[in-house]
2 protein chains.
Amino acid sequence: MKHLGPTIRDVAKAAGVSITTVSRVLNQYTDVNPKTRQKVLKVVEKMGYQPNSVARSLVMNRTQTVGLVVSDLTKSRSGHHFLFDVLCGINDRAQEMGYDLVLFSTSPTAQKKTTYMDFVRQRRVDGVVMMGIRLDDPYTHEVVEASIPSVLIDVPLTSKTCSYVASDNVAGARIAVEHLLSQGHRHIGFVNGHQQAAVAQERLAGYTQALAGAGVKFISDYVYYGNFEQEDGAQGVQSLKKKHPEISAVFFASDLMAIGAIKYIQSEGGQVPKDLSIVGFDDIALASLMQPALTTVRQMRYEMGKSAVDTLIRMLENGETGRGVVLPPELIVRETTQPFTK
Amino acid sequence: MKHLGPTIRDVAKAAGVSITTVSRVLNQYTDVNPKTRQKVLKVVEKMGYQPNSVARSLVMNRTQTVGLVVSDLTKSRSGHHFLFDVLCGINDRAQEMGYDLVLFSTSPTAQKKTTYMDFVRQRRVDGVVMMGIRLDDPYTHEVVEASIPSVLIDVPLTSKTCSYVASDNVAGARIAVEHLLSQGHRHIGFVNGHQQAAVAQERLAGYTQALAGAGVKFISDYVYYGNFEQEDGAQGVQSLKKKHPEISAVFFASDLMAIGAIKYIQSEGGQVPKDLSIVGFDDIALASLMQPALTTVRQMRYEMGKSAVDTLIRMLENGETGRGVVLPPELIVRETTQPFTK
DNA sequence: CTGTTAGCGCGTTCAT
DNA sequence: ATGAACGCGCTAACAG
């Protein structure tokens, strides 16, 4: 495992110039003789020289690297569908902007052992994008106070060095529920995510707003808290329908829960939307493939990823301070909702 | 944006020892006085010192980083379901072993511009895991000849520095087709992936083996080549059934294609498995949620990821040479297959 | 325009 | 058991 290639010194020697000069042409400095530049460039080309980014990072004190930290990447099966698209957006944009992407997953337990700043300092990433994080994760608040720029996905917190990117979850939930209301439903259940998810709180707000807008009374017992997973959806409807048989429609905070619910209803011999109208949230790939196809609220996942990197880089390179970016959701009406019939 | 923390020098000063000594205790050297060690450790603790991994990488000429290069990460929608789980496995194991994971996506065009070795040398990763790569991607053969260790996912090539991890695709296809045969089907179509996918070639082999084993004649016109995507599945059955109405069962090289086919058949008023028995490949999450639930061949995706990292690290740290790791697939019988009825 | 000189933070001989 | 000195490959003043 020795040298994998020539160093800047080898190039300098071969070109008959100093190291500095080589460095200059490589870094687009203008004050270098065109002829020298050509000569150097030719040697670089011939030797197949590639600058050692580690050495450069050391001296520049910048790694051109962004860290993507995900909480419990593996465990949250629900997350996959959402995370992957965001990841793609992040990766694509980072690459475009000349940054490398380093992936980390943390768990709440790991977060107790290593502080966020230790974590970041050790890795020397220039900035961080965090996703899948809960409000009560230890890192959450460390991040906003950290001195290194960060962007949170789906957690609306900002500071001088911390921005966020999220869907407009309030609006998303509202249009979902308004859709149900417009179809005549008046007893609308809500299977939410866990309370430590910022999005869950926002979607609850959207739910109540929609009800209020239609003059329908909010009944807190119509709200069930799950964990975004399929099983939670099944349990959610089951619980809701048992206690409140008058419920004719349910809004779910994730497609996966909605799907779990549909499966459950079907397994009990029921039919969707005949027996219950259902709206999900996310528009994951499965949504359109379900039988019946799921009516849901689409999030711009890929764009969230891109936007996160854009925001991060603006803080990194232009010194901008933290801000929030909110992306619009979109109602996708498919087959799991139908007008209320007594 | 200057110092984010103390350097080894600060620690040395504060502890009243030399840099060397600090370095020694940090790197588990034994020849250091227990009392000095304690003193240093205490200072390290108190100052919250974190070694600068960049500096260490420079001097050690190792980055403790593995690169994950994926071909067309974003574009291959079919890949998501497969890639993500593998990614999780890779990430988890890399983290366990103390390596960071850097994510890259390449495209065939990008591969024409930058050679693989340039790519790797620039990033200074210690090793590479590649996935989603085609046999005709430029990188494919550069990788096996490269001087830095690598592991290919799903491409059975080895060299001194290159290993691979894959499912036993021949066996997987064989058990799928044997299942169909055992149900009495004799006219079995095969919607394969594109020919530049190693797995496609292998699955074809498994398909023909199974037929041969049952004394059923192989008809090359029963094989359709798609691109692993949903649409390809729909087109595949359509084409196959039109030309060969006698076909009573079809094996698909990906679940997504199988699902596309089911959707197509249903949209035409047909029924699965009554009108056509179907077996997929992968066992993605959708498979069990489909209506009817998809019979398929499960791949150990997460384990493939873990295994890839294990293999890579054995080459990296023990100097082992390239080898192949083949994981067993498993037939998951669900609802899309039924015995042949005249 | 170009070369010389200093480091960046750390691991590593080689003395002591 | 410990420290001084050197160098990893590169960028950035500072002369000329």
Side-chain angles (χ1 to χ4, degrees), chain A residues 1-41 43-44 47-65 118 120-126, chain B residues 1-41 43-44 47-65 118 120-126:
Chain A
M1 301 291 173
K2 8 36 319 253
H3 278 227
L4 299 94
T7 74
I8 196 174
R9 186 152 32 232
D10 301 326
V11 175
K13 203 162 296 173
V17 298
S18 77
I19 291 183
T20 314
T21 304
V22 176
S23 178
R24 283 204 182 89
V25 343
L26 261 35
N27 293 296
Q28 329 289 4
Y29 279 61
T30 51
D31 58 342
V32 52
N33 188 309
K35 305 192 66 164
T36 336
R37 151 164 282 127
Q38 288 315 314
K39 187 171 48 177
V40 170
L41 250 22
V43 175
V44 163
M47 303 182 76
Y49 169 72
Q50 289 292 127
N52 182 329
S53 61
V54 174
R56 170 181 280 158
S57 294
L58 181 60
V59 65
M60 307 255 284
N61 203 30
R62 289 182 95 256
T63 53
Q64 288 288 0
T65 289
D118 282 352
V120 167
R121 279 219 310 267
Q122 226 262 42
R123 260 67 176 217
R124 302 282 140 164
V125 295
D126 292 340
Chain B
M1 304 286 175
K2 349 68 300 261
H3 278 226
L4 300 94
T7 74
I8 195 173
R9 188 157 25 235
D10 301 325
V11 175
K13 204 162 298 173
V17 297
S18 77
I19 291 183
T20 313
T21 303
V22 178
S23 177
R24 281 204 183 89
V25 344
L26 262 34
N27 293 293
Q28 329 289 3
Y29 278 60
T30 51
D31 57 344
V32 50
N33 190 309
K35 307 193 65 165
T36 342
R37 150 164 284 127
Q38 288 316 313
K39 187 171 48 176
V40 170
L41 251 22
V43 175
V44 163
M47 303 182 76
Y49 168 71
Q50 288 293 127
N52 182 328
S53 62
V54 174
R56 170 181 278 159
S57 295
L58 181 60
V59 65
M60 306 256 284
N61 202 30
R62 288 182 99 255
T63 53
Q64 289 286 3
T65 289
D118 282 352
V120 168
R121 278 219 310 267
Q122 227 263 43
R123 261 67 176 215
R124 302 281 142 164
V125 294
D126 293 340

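Side-chain atoms are counted along with the backbone in the values below, which use heavy atoms only and exclude waters and symmetry mates. Naming convention: chains lettered A, B, ... in sequence-line order (proteins, then strands); numbering from 1 in each chain. Because the structure is a prediction, the values reported are computed rather than measured.
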> Rounded to the nearest 0.5 Å, how far apart are CZ of R56(B) and CG of N61(B)?
Replying inline: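 Going from CZ on R56(B) over to CG on N61(B), the span is 14.5 Å.
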>> Do V25(B) and T36(B) have side chains that approach each other closer than 4.5 Å (heavy atoms only, starting at C-beta)?
In response: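 When only atoms from C-beta onward are counted, T36(B) and V25(B) do not touch, as no gap falls below 4.5 Å.
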>> Less than 4.5 Å apart, side chain to side chain, heavy atoms only: is that true for R24(A) and T20(A)?
In response: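 Heavy-atom side-chain distance check passes, below 4.5 Å.
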> Going by heavy atoms closer than 4.0 Å, what residues in residues 50-59 of chain A are next to DNA chain C?
Replying inline: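 Result for residues 50-59 of chain A: L58(A), V59(A), sorted by number.
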>> Five pairs per end, C1' atoms only: what is the angle between the end axes of the helix from dC1(C)-dG16(D) to dT16(C)-dA1(D), to 10 degrees?
In response: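 Axis angle across the helix from dC1(C)-dG16(D) to dT16(C)-dA1(D), nearest 10°: 40°.
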> Between D126(A) and T65(A), do the side chains contain an N or O donor and an N or O acceptor separated by less than 3.5 Å?
Replying inline: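 The answer is no; no qualifying pair exists.
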>> So that I can tick it off, tell me whether R121(B) and D118(B) are bridged by a salt bridge, with the cut-off set at under 4.0 angstrom between side-chain N and carboxylate O.
In response: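 Between R121(B) and D118(B) there is a salt bridge, with a charged N closer than 4.0 Å to a carboxylate O.
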> Can you name the salt bridge (charged side-chain N to carboxylate O under 4.0 Å, His left out) partners of R124(A), sequence neighbours left out?
Replying inline: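 Counting only residues at least two positions away or on another chain, R124(A) forms no salt bridge (charged side-chain N to carboxylate O under 4.0 Å, His left out).
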Has [X] got a side-chain N or O lying under 4.0 Å from the OP1 or OP2 atom of [N]?
{"X": "T21(B)", "N": "dG3(D)", "result": "yes"}
{"X": "T7(B)", "N": "dG9(C)", "result": "no"}
{"X": "Y29(A)", "N": "dT11(D)", "result": "no"}
{"X": "R124(B)", "N": "dG9(D)", "result": "no"}
{"X": "T36(B)", "N": "dT2(D)", "result": "yes"}
{"X": "S23(A)", "N": "dC10(D)", "result": "no"}
{"X": "Y49(A)", "N": "dC10(D)", "result": "yes"}

To the nearest Å, give me how far apart [atom1] ([X]) and [atom2] ([N]) are.
{"X": "Q64(A)", "N": "dT11(D)", "atom1": "CD", "atom2": "P", "result": "12 Å"}
{"X": "K35(A)", "N": "dC1(C)", "atom1": "NZ", "atom2": "C1'", "result": "14 Å"}
{"X": "L26(A)", "N": "dA12(D)", "atom1": "CG", "atom2": "P", "result": "12 Å"}
{"X": "N61(B)", "N": "dC10(D)", "atom1": "CG", "atom2": "P", "result": "11 Å"}
{"X": "N27(A)", "N": "dT2(C)", "atom1": "CG", "atom2": "C1'", "result": "16 Å"}
{"X": "R9(A)", "N": "dT5(C)", "atom1": "CZ", "atom2": "P", "result": "14 Å"}
{"X": "K13(B)", "N": "dA4(D)", "atom1": "NZ", "atom2": "C1'", "result": "15 Å"}
{"X": "D10(B)", "N": "dG9(C)", "atom1": "CG", "atom2": "P", "result": "8 Å"}

> For R24(A) and M60(B), take the nucleotide of DNA chain D holding the closest heavy atom to each; which residue's nucleotide lies nearer the 5' end?
Replying inline: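 Between the two, 5'-proximity favours M60(B).
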>> For a quick test of reading the model, state the closest non-hydrogen atom pair linking I8(A) to Y49(A) and the distance between them.
In response: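 Smallest interatomic distance, heavy atoms only, reads N-CE1, 3.4 Å.
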Just call it for [X]: base, sugar-phosphate, or nothing, with non-hydrogen atoms closer than 4.0 Å on any strand.
{"X": "I19(A)", "result": "base"}
{"X": "D31(A)", "result": "base"}
{"X": "V17(B)", "result": "sugar-phosphate"}

>> Quick check for you: among dT11(D), dA4(D), dA12(D), whose closest atom lies nearest to any side-chain atom of S18(B)?
In response: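 When the side chain of S18(B) is considered, dA4(D) is the closest of dT11(D), dA4(D), dA12(D).
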>> Determine whether a donor-acceptor pair (N or O, by modelled atom type, separation under 3.5 Å) exists between the side chain of S53(A) and the backbone of Q122(B).
In response: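 Present.
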>> Please check: side-chain N/O of N27(B) versus main-chain N/O of Y29(B), any donor-acceptor pairing under 3.5 Å?
In response: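 No; judged by distance alone, with no hydrogens or angles, the pair does not exist.
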>> Taking NZ in K13(A) as the centre, count heavy atoms belonging to other residues, nucleotides or ligands within less than 6.0 Å. Is the count above 12?
In response: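 No, NZ of K13(A) has 12 or fewer neighbouring heavy atoms, counting only those of other groups under 6.0 Å.
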